[in-house]
Amino acid sequence: FTQLASEIRQCSDARDFDRARQIHRQVLKSKHLRQDDATYLANLLLEAYGRCGSVEEAQRLFQALPLPNVFSWNILLEAYAQNGHLDRARSLFDRIPDKNVVSWTTMIKAYGSSGLMDDAKLLFEIMPVRNLVTFTGMVKAYAETGHTLDARELFDSMPERNLVAWTVMLAAYSQTWHLDEVLALFARIPEREVVSCSIVIGAYSARGRMREARELFDSMREGNVVTWTALIAGYAGRGDLEEARSLFERMPERDTVSWTSMITAYAQLGHLEEARALFDSIPIDRRDAVVWNSMLYAFSRDGCVAGMIETLRAMPRPD
RNA sequence: GCCAAGAGGU
């Protein structure tokens with residue numbers, strides 16, 4: 001079971017639908033499962049299907065469950081929400097027999113990410129129990145729909161706040177052009193850890209304020225790949241390719257996002273050969289759609305149509 | 001033991 005469970009989790013992470021189905025069949029064959037163990041595995045499979053975008057498969061599995069628990073309901077709800085089936089989500093939500101705070105919070109988030117803040121707010125107001133996650137999710141929904149003032153008002157009214165809540169509010173301001181609000185909130189944040197620092201570095205970088213970005217970066221005990229990439233993007237945006245490259249080469253680890261940022265920097269500053277060399281150094285299984293796109297962009301910036309065509313042909317196609 | 005909230009790339 002632990003074996004099966006961890007394999008299913010891997011499918012979720014890797015978005016491996018075929019493998020998930022394979023394990024699904026395997027689970028159906030094993031006959032000595034206790035009811036709650038079966039539900040447990042089914043929930044993991046539901047999540048995997050949802051994350052692979054297979055709403056129909058998730059629904060089929062759910063309907064076959066003899067005894068779905070509230071987790072099963074919530075996971076299917078999340079799958080609908082994540083895949084844009086707002087109406088199905090709502091009708092499922094209305095049928096959940098014992099909704100818990102997670103059910104409510106998931107439904108609110110679904111409305112929020114569809115831009116339906118009035119519906120989100122209504123649910124938020126009538127729900128029986130709200131917790132920190134509910135409040136934070138609602139603040140984030142306001143922020144993402146551009147309602148920064150409402151986000152702040154709700155944030156200020158929260159009965160308690162943790163670091164995540166503060167960080168969401170900080171990120172909300174960093175999306176606006178109010179650097180002063182970002183800094184004011186950052187000055188009051190209870191703890192400056194890597195996420196909040198990265199947001200502020202990103203806010204400085206986006207505005208070309210590299211002196212301040214660098215100062216904060218240097219004051220950190222250690223950044224992670226996100227922090228480094230935010231700074232690199234800032235230098236690249238200012239046209240300081242040397243500093244961007246030097247940081248890129250010194251950063252402790254690189255991922256698809258940092259690769260893409262650097263390729264895009266090379267592309268924008270007219271260094272096609274370096275963009276291409278970097279692209280070629282990326283392991284094939286790490287090249288996601290945005291990485292490919294950045295290479296396409298590099299060729300297009302260079303006016304190299306042949307390179308674009310070559311890239312398009314080499315790109316893996318979804319079948 | 002399985003579900004909901006936080007930062008960087010097109």
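All values below come from the heavy atoms of this structure, side chains included, with hydrogens, waters and symmetry mates left out. Proteins come first, then strands; the chains are lettered A, B, ... in the order of their sequence lines, and each starts at number 1.
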Specify the separation, in whole Å, of atom [atom1] of [X] and atom [atom2] of [N].
X        : N      : atom1 : atom2 : answer
A:Phe279 : B:rU10 : CZ    : P     : 16 Å
A:Ile96  : B:rC3  : CD1   : P     : 16 Å
A:Ile201 : B:rG9  : CD1   : P     : 14 Å
A:Leu163 : B:rA7  : CG    : P     : 14 Å
A:Leu76  : B:rC2  : CG    : P     : 19 Å
A:Leu41  : B:rG1  : CG    : P     : 16 Å
A:Lys99  : B:rA4  : NZ    : C1'   : 15 Å
A:Asn224 : B:rA7  : CG    : C1'   : 8 Å

Which nucleotide wins on minimum distance to the side chain of [X], given the candidates [options]?
X        : options              : answer
A:Asp255 : B:rA5, B:rG8, B:rG9  : B:rG8
A:Asn69  : B:rA4, B:rC2, B:rA7  : B:rC2
A:Val102 : B:rG6, B:rA5, B:rC3  : B:rC3
A:Arg9   : B:rG9, B:rG8, B:rG1  : B:rG1
A:Val195 : B:rA7, B:rC2, B:rU10 : B:rA7
A:Ile199 : B:rA5, B:rG8, B:rA7  : B:rA7
A:Ile75  : B:rG8, B:rC2, B:rG1  : B:rC2
A:Val225 : B:rA7, B:rG8, B:rC2  : B:rG8
A:Val290 : B:rA7, B:rU10, B:rA5 : B:rU10
A:Lys140 : B:rA7, B:rG9, B:rC2  : B:rA7

(request) Report yes if a donor N or O on one partner sits less than 3.5 Å from an acceptor N or O on the other, where the partners are the side chain of A:Ser261 and the base of B:rG9; otherwise report no. (result) no

(message) Under 3.5 Å, is there any donor-acceptor pair linking the side chain of A:Asp288 to the base of B:rG9?
(response) yes

(request) Go through the steps to decide whether A:Phe135 and A:Phe124 satisfy the test ring pair (Phe, Tyr, Trp, His ring centres under 6.0 Å), and finish with yes or no. (result) CA-CA 9 Å; A:Phe135 273 95; A:Phe124 182 77; 5.2 Å; yes

Using a 4.0 Å heavy-atom cut-off across all strands, classify [X] as base, sugar-phosphate, or nothing.
X        : value
A:Thr256 : base
A:Ser294 : nothing
A:Val200 : nothing
A:Thr2   : nothing
A:Gln268 : nothing

(request) Quickly, which of A:Arg60, A:Glu56, A:His24, A:Gln59 forms a side-chain hydrogen bond (donor to acceptor under 3.5 Å, both in side chains) with A:Tyr49? Name it, please. (result) A:His24

(message) Please evaluate residues A:Arg152 and A:Thr148 with respect to the criterion side-chain hydrogen bond (donor to acceptor under 3.5 Å, both in side chains), reporting the C-alpha separation (whole Å), side-chain torsions for both, the decisive distance (0.1 Å), and the verdict.
(response) CA-CA 6 Å; A:Arg152 180 57 189 262; A:Thr148 314; over 6 Å; no

(message) Taking the ring centre of each residue, are A:Trp292 and A:Phe279 less than 6.0 Å apart?
(response) yes

(request) Verify whether the ring centers belonging to A:Trp228 and A:Phe217 lie closer than 6.0 Å. (result) yes

(request) Could you walk me through whether A:Trp73 and A:Phe62 pass the ring pair (Phe, Tyr, Trp, His ring centres under 6.0 Å) test, one step at a time? (result) CA-CA 8 Å; A:Trp73 286 92; A:Phe62 180 83; 4.9 Å; yes

(request) Check whether the aromatic ring of A:Tyr40 stacks on the base of B:rG1, taking stacking as ring centres less than 5.5 Å apart and planes within 30° of each other. (result) yes

